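Here's the structure we're looking at; comments come further down.
All figures in this text were calculated on a predicted structure; none of them were measured in a lab.
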Amino acid sequence: MNEPSLSSRRIVVIGGGFAGLSAAYELTRLGHRLIVLEADDPLGGLAASFRLSGADQPLEWFYHHWFTNDVDALDLCRELGIGDALQYRASSTGTWCDGRVWRLSTPMDLLKFKPLGLLDRFRLGGLVLKARRVKDWRELENRTAASWLTDLAGPRVYKTVWEPLLRGKFGPYAEEISAVWLWNKLCLRGSSRGKGGRETLVYPHGGFERLIDALTKAIRDGGGEVRTHAAVTGLEVAAGSADTRRITGVRTAAGVVPADVVIATPALPLLADLIQPHDTDYAARCRKIDYLAALCLVLELRKPLSQTYWMNVNDAEFPYVGIIEHTNFEPPASYGRHIVYLSKYLPADAPLYAMSDDDVLAHSLPHMQRLMPAFTRQDVLGHHVFRARYAQPVVVRHYSGLIPPPTCALAGLHVASMAQIYPKDRGTSYAIRQGRHAAREVCGKSCDA
């Protein structure tokens, strides 16, 4: 079967998150026309935004920021002419432990962390330095995060600080999580700290929607098309033998969109459903990776909840792993009120995930009041609940052997899912890198940038 020439190929990108939009932008930048198909509206995937009544700028469904070493995202902002929107601010972090909040923004804060003895405080502080000594992540593939952390910092540090966070983040998978996942987190956060040891984070004025809008405009200006409410329901494949099958289009409710090349960015279980009729082995590989869902309760408050931006909660009874007070990072004047995210990763069949929005709030309020007695129901001006079924791939030991390759038996299909970013973890900057790389792979060596 003859392959269409490079210039005449019809290209479809499935998914309007950062990976899909970045792939489409790169393709248009390299002179190709294409169509992006996104099932939802708005664009942005997990970084999609909504607007509060009377607010000056949009707010993400789920909390977002960039680290100073998220160079792919920061460079793309500058490339698209919105570099002046990037705002660099020192963050404030802390942990709820033993009935109070402990600040953990600087080395001095760590020395005052009394839930641990003095020697264990030094062990906790030395974790980042020890993690950076690992130059090849493959050394950690056969280790769990639990065993690796215990070896590095001792059992008291693990039990006091890390075990509650792993259980809060991964629930029933906590003891199975790979050391590689945590190693990446430690190195990423450690390299975002300044000379005084304080962490600096980045947030664009206008929110992440600023970059989404800039990408969408660049795609359309380059001759591409972006469609929302355009869920892909199947793949059209040319008849032939097993080794000559080629994609000819994608099916949507509005009809078939012709395609010689498809870059697919949704979660692997969703892709498995599309691929199953054409490549059962690849579909089975996609299903080997488990995912946790995510739920965020976003609170609009009339006054601050705390002085901390990012608070990990080491309390087994608290239904969330983190309290992220967004307006201790982005000023409350941007929204006309104070904004707090209550974040939870959980199995999709968990009772909390199935609750109505009002029931989520009612369930959460007593827990909030237990941690912060000054907080009352009257402080809540509004609430919103956002859910994502496939939010966090479960990164277990030997995860690299589970990841399906970017291509399968269907010629013309290129898979670029966040589950394939490993050894990095999901994040918008890595999604941007992955999307642009997938576009160059589709174009071949002649399109290397």
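In this structure, a donor-acceptor pair under 3.5 Å is present between the side chains of T144 and S147. The closest side-chain donor-acceptor pair between D213 and T216, if any, does not fall under 3.5 angstrom. With hydrogens and angles left out, the side-chain atoms of E79 and Y25 include a donor and acceptor closer than 3.5 Å. Under the 3.5 Å distance criterion, with hydrogens and angles disregarded, no donor-acceptor pair is assigned to the side chains of E38 and T228.
Looking only at distances, a side-chain donor or acceptor of K130 sits under 3.5 Å from a matching main-chain atom of L152. The main-chain N or O of V226 is found under 3.5 Å from a side-chain atom of R220 such that the two form a donor-acceptor pair. At distances below 3.5 Å, not a single donor-acceptor pair connects side-chain atoms of R436 with backbone N or O atoms of A19. Remark: the backbone N or O of L110 is not paired with any side-chain donor or acceptor of R121 at under 3.5 angstrom. At distances below 3.5 Å, not a single donor-acceptor pair connects side-chain atoms of N312 with backbone N or O atoms of T95. A donor-acceptor distance shorter than 3.5 angstrom exists from the side chain of D109 to the backbone of T106, with no hydrogens or angles considered. No donor-acceptor pair closer than 3.5 Å links the side chain of Y173 to the backbone N or O of R167. Within the 3.5 Å criterion, the main-chain N or O of V202 finds no donor-acceptor partner in the side chain of Q87. Formation of a donor-acceptor pair under 3.5 Å by the Q434 side chain with backbone atoms of S417 is found in this model. Side-chain atoms of E199 never come within 3.5 Å of backbone atoms of S105 as a donor-acceptor pair (strictly under, hydrogens ignored).
If you look at F208 and W66, their ring centroids are closer than 6.0 Å. Taking the six-membered ring where the residue is Trp, the centroids of F170 and W181 are separated by under 6.0 Å. A distance of 6.0 Å or more separates the ring centres of Y430 and F18. With ring centers used as reference points, F318 lies 6.0 Å or more from W96.
Considering all non-hydrogen atoms of both residues, C97 and T160 come closest at SG-CG2, 4.1 Å. Counting all heavy atoms, side chain and backbone alike, G44 lies closest to I212 at CA-CD1, 3.6 Å. The shortest non-hydrogen separation linking H384 to L52 is NE2-CD2, 3.4 Å. Among all heavy-atom pairs drawn from G15 and V36, the shortest one is O-CG1, 3.7 Å. Shortest non-hydrogen contact noted between C443 and L30 is SG-CD1, 4.1 Å.
Residues L116 and L124 have side chains in contact (heavy-atom distance under 4.5 Å, counting atoms from C-beta outward). Between I339 and L301 the shortest side-chain heavy-atom distance does not fall below 4.5 Å. Contact check for L274 versus V232: side-chain heavy atoms found under the 4.5 Å cut-off. No side-chain heavy atom of F329 sits under 4.5 Å from any side-chain heavy atom of I324. Side-chain contact between P319 and H363: present, with at least one pair of heavy atoms (C-beta onward) separated by less than 4.5 Å. The shortest side-chain heavy-atom distance between T93 and M311 does not fall under the 4.5 Å cut-off. Between I14 and V262 there is a side-chain heavy-atom pair separated by less than 4.5 Å. The closest side-chain heavy-atom distance from D70 to T428 is not below 4.5 Å.
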Worksheet item: Under the side-chain contact (heavy atoms from CB on, under 4.5 Å) criterion, do F62 and S343 qualify, and how do the steps go?
Response: CA-CA 8 Å; F62 301 90; S343 169; over 6 Å; no
Discussion item. Using the rule given for side chain to side chain donor-acceptor pair (under 3.5 Å), can you reason through T327 versus Y309, listing the C-alpha separation, both sets of side-chain angles and the distance that settles it, and then say yes or no?
Written reply: CA-CA 7 Å; T327 42; Y309 165 56; over 6 Å; no
Item to complete: Determine, stepwise, if the pair R78 / D84 fulfils salt bridge (Lys or Arg N to Asp or Glu O under 4.0 Å).
Response: CA-CA 8 Å; R78 299 183 186 102; D84 58 347; over 6 Å; no
Worksheet item: Are V180 and V395 close enough, and set up right, to give a side-chain contact (heavy atoms from CB on, under 4.5 Å), and what steps lead you there?
Response: CA-CA 8 Å; V180 177; V395 182; 5.6 Å; no
Worksheet entry | From CA spacing to verdict: ring pair (Phe, Tyr, Trp, His ring centres under 6.0 Å), Y63, W310 | CA-CA 10 Å; Y63 57 88; W310 188 287; 5.1 Å; yes
Discussion item. Pair F67, L201 - check side-chain contact (heavy atoms from CB on, under 4.5 Å), show working.
Written reply: CA-CA 5 Å; F67 296 97; L201 301 176; 3.5 Å; yes
Fill in: side chain to side chain donor-acceptor pair (under 3.5 Å) assessment of H437 paired with E26
CA-CA 9 Å; H437 177 75; E26 187 70 9; over 6 Å; no
Practice prompt. Start with the C-alpha distance between V340 and H326, add both sets of side-chain angles, then the distance that settles side-chain contact (heavy atoms from CB on, under 4.5 Å), and finish with yes or no.
Written response: CA-CA 6 Å; V340 172; H326 181 69; over 6 Å; no
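Test L346, L295, V313 against Y320 for side-chain contact (heavy atoms from CB on, under 4.5 Å) and you get one pass: L295. Of the options E60, H65, E330, a side chain to side chain donor-acceptor pair (under 3.5 Å) to Y203 is made by E60 and by none of the others.
The pair E209-R51 meets the salt-bridge criterion, since a charged nitrogen lies less than 4.0 angstrom from a carboxylate oxygen. Using a 4.0 Å cut-off between charged nitrogen and carboxylate oxygen, D72 and R433 count as a salt-bridge pair. Taking 4.0 Å as the cut-off between side-chain N and carboxylate O, R227 and E225 count as a salt-bridged pair. Of the charged side-chain nitrogens involved, none lies within less than 4.0 Å of a carboxylate oxygen, so that E176 and R397 do not count as a salt-bridged pair. In this structure, E141 does not pair ionically with R138, as no charged nitrogen and carboxylate oxygen lie closer than 4.0 Å.
Residue E139 qualifies as enclosed at atom CD: its count of foreign heavy atoms under 6.0 Å is above 12. Taking a 6.0 Å sphere around CZ of R89, one finds it holds more than 12 heavy atoms contributed by other residues, nucleotides or ligands. Annotation for R33: atom CZ does not count as buried by contact number, only 12 or fewer foreign heavy atoms lying within 6.0 Å. With a 6.0 Å radius and a threshold of 12 heavy atoms from other residues, nucleotides or ligands, H205 has its NE2 atom at or below the threshold. For CZ of F50, the number of neighbouring non-hydrogen atoms (other residues, nucleotides, ligands) closer than 6.0 Å is greater than 12.
Atoms CZ and CG, on R156 and D120 in that order, are 4.0 Å from each other to the nearest 0.5 Å. Rounded to the nearest 0.5 Å, atoms CG (N142) and CH2 (W148) are 12.5 Å apart. Rounded to the nearest 0.5 Å, atoms CG (D357) and CG (L297) are 8.5 Å apart. A distance of 5.0 Å separates CG in L211 from CD1 in I82, rounded to the nearest 0.5 Å. Annotation: the span from R285 atom CZ to I275 atom CD1 amounts to 12.0 Å, rounded to 0.5 Å. Of the inter-residue distances, the one linking I219 atom CD1 with R29 atom CZ reads 13.0 Å to the nearest 0.5 angstrom.
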